[in-house]
Each structure stands twice: as structure tokens, then as C-alpha cells.
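Below: the structure, in C-alpha cells.
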Amino acid sequence: MRCHFLRRALDVNVSGELLHVQVLRRGLIRLSFRRCLDIHCLEGVFWITQDGRRADIVIEPGQAVELISPGAAIVQALAAGRLCLRDSQ
């Protein structure tokens with residue numbers, strides 16, 4: 001498990017490991033993944049947009065989303081918080 005604290009945009013290639021990310025308000029994460037990806041919100045509020053997905057998603061503490069198509073996504077913190085990222089295999 002790795003942990004990152006973000007002040008600027010971070011490029012993340014998620015591949016097999018559990019990743020905890022702490023993000024300041026308005027912080028950006030650019031995700032790339034080869035398989036499905038689970039995103040769990042531990043704290044804060046996050047906006048998620050994924051290539052090819054019709055609607056954007058907003059998640060809050062206790063909520064999760066599975067990005068089911070491999071590819072790329074952008075996550076932005078609408079309020080400072082923490083995420084857990086993991087391949088959903």
C-alpha cells in the first residue's frame with residue numbers, strides 16, 4: 001500500500017495494488033488502468049469523469065464506484081479528502 005498527499009495533479013497508473021490518496025480541495029488525479037477499478041471515498045467529496053462514460057459521478061464518504069471499462073479517468077476533490085483505489089479484477 002502506498003499513500004500520497006496531493007497539492008497538484010498526480011498521474012496514477014493503477015495496477016494490482018491498494019493505493020490510498022489524500023487530496024487537497026481542487027486537487028486532480030489522472031488515472032489510467034488496464035482492468036476495472038474500484039474507487040472508495042473515505043473522506044471528502046470527489047467528482048469523477050471517465051472516457052466513454054455518459055455521466056459524471058460525485059461520491060461522498062462511504063460511497064464507492066466501479067469504473068468497469070479499462071481506460072482513463074479524472075478525479076477532482078470538491079472538498080479535501082481521502083480515496084482508496086484498487087483493481088477490481
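The structure presented is a predicted model; accordingly, all values stated were derived computationally and were not measured. The figures here come from the full heavy-atom set of this structure, side chains too, leaving out hydrogens, waters and symmetry mates.
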When every non-hydrogen atom of Glu66 is compared with those of Cys36, the smallest separation belongs to OE2-CB, 4.0 Å

If I compare all heavy atoms of Ala64 with all of His40, which pair ends up nearest, and what's the gap?
CB-ND1, 3.3 Å

Run the side-chain contact (heavy atoms from CB on, under 4.5 Å) test on His20 and Leu85 for me, step by step, so that the C-alpha distance in whole Å, both residues' side-chain angles and the decisive distance to 0.1 Å come before the verdict.
CA-CA 6 Å; His20 283 215; Leu85 309 172; over 6 Å; no

Any chance you could measure Thr49, atom OG1, to Ile57, atom CD1, to the nearest 0.5 Å?
8.0 Å

What heavy-atom pair brings Cys41 and Pro61 nearest, and what distance separates the two atoms?
SG-N, 3.4 Å

Just checking Leu42: does its CG atom have more than 12 heavy atoms from other residues, nucleotides or ligands closer to it than 6.0 angstrom?
yes

Check the pair Val21, Ile29 against side-chain contact (heavy atoms from CB on, under 4.5 Å), reporting the backbone distance first and the verdict last.
CA-CA 9 Å; Val21 183; Ile29 306 169; 3.8 Å; yes

May I ask you to say whether Asp38 pairs ionically with Arg86, meaning some side-chain N is under 4.0 Å from a carboxylate O?
no

Heavy-atom side-chain contact between Trp47 and Asp56 under 4.5 Å:
yes

One pair to check against side-chain contact (heavy atoms from CB on, under 4.5 Å): Leu78 and Phe46. What are the steps and the verdict?
CA-CA 5 Å; Leu78 301 179; Phe46 293 89; over 6 Å; no

side-chain contact (heavy atoms from CB on, under 4.5 Å) partners of Arg26, counting only residues at least two apart
Gln76

Indicate the atoms forming the closest heavy-atom contact of Gln63 with Ile59, along with that distance.
OE1-CA, 3.3 Å

Side chain proximity check, Glu43 to Leu83, heavy atoms < 4.5 angstrom:
no

Please check if Leu37 and Ile68 belong to a single hydrophobic cluster, counting links between Ile, Leu, Val, Met, Phe, Trp and Tyr side chain heavy atoms closer than 4.5 Å.
no

Worked verdict on Leu31 versus Ile74 for side-chain contact (heavy atoms from CB on, under 4.5 Å)
CA-CA 6 Å; Leu31 298 171; Ile74 301 288; over 6 Å; no

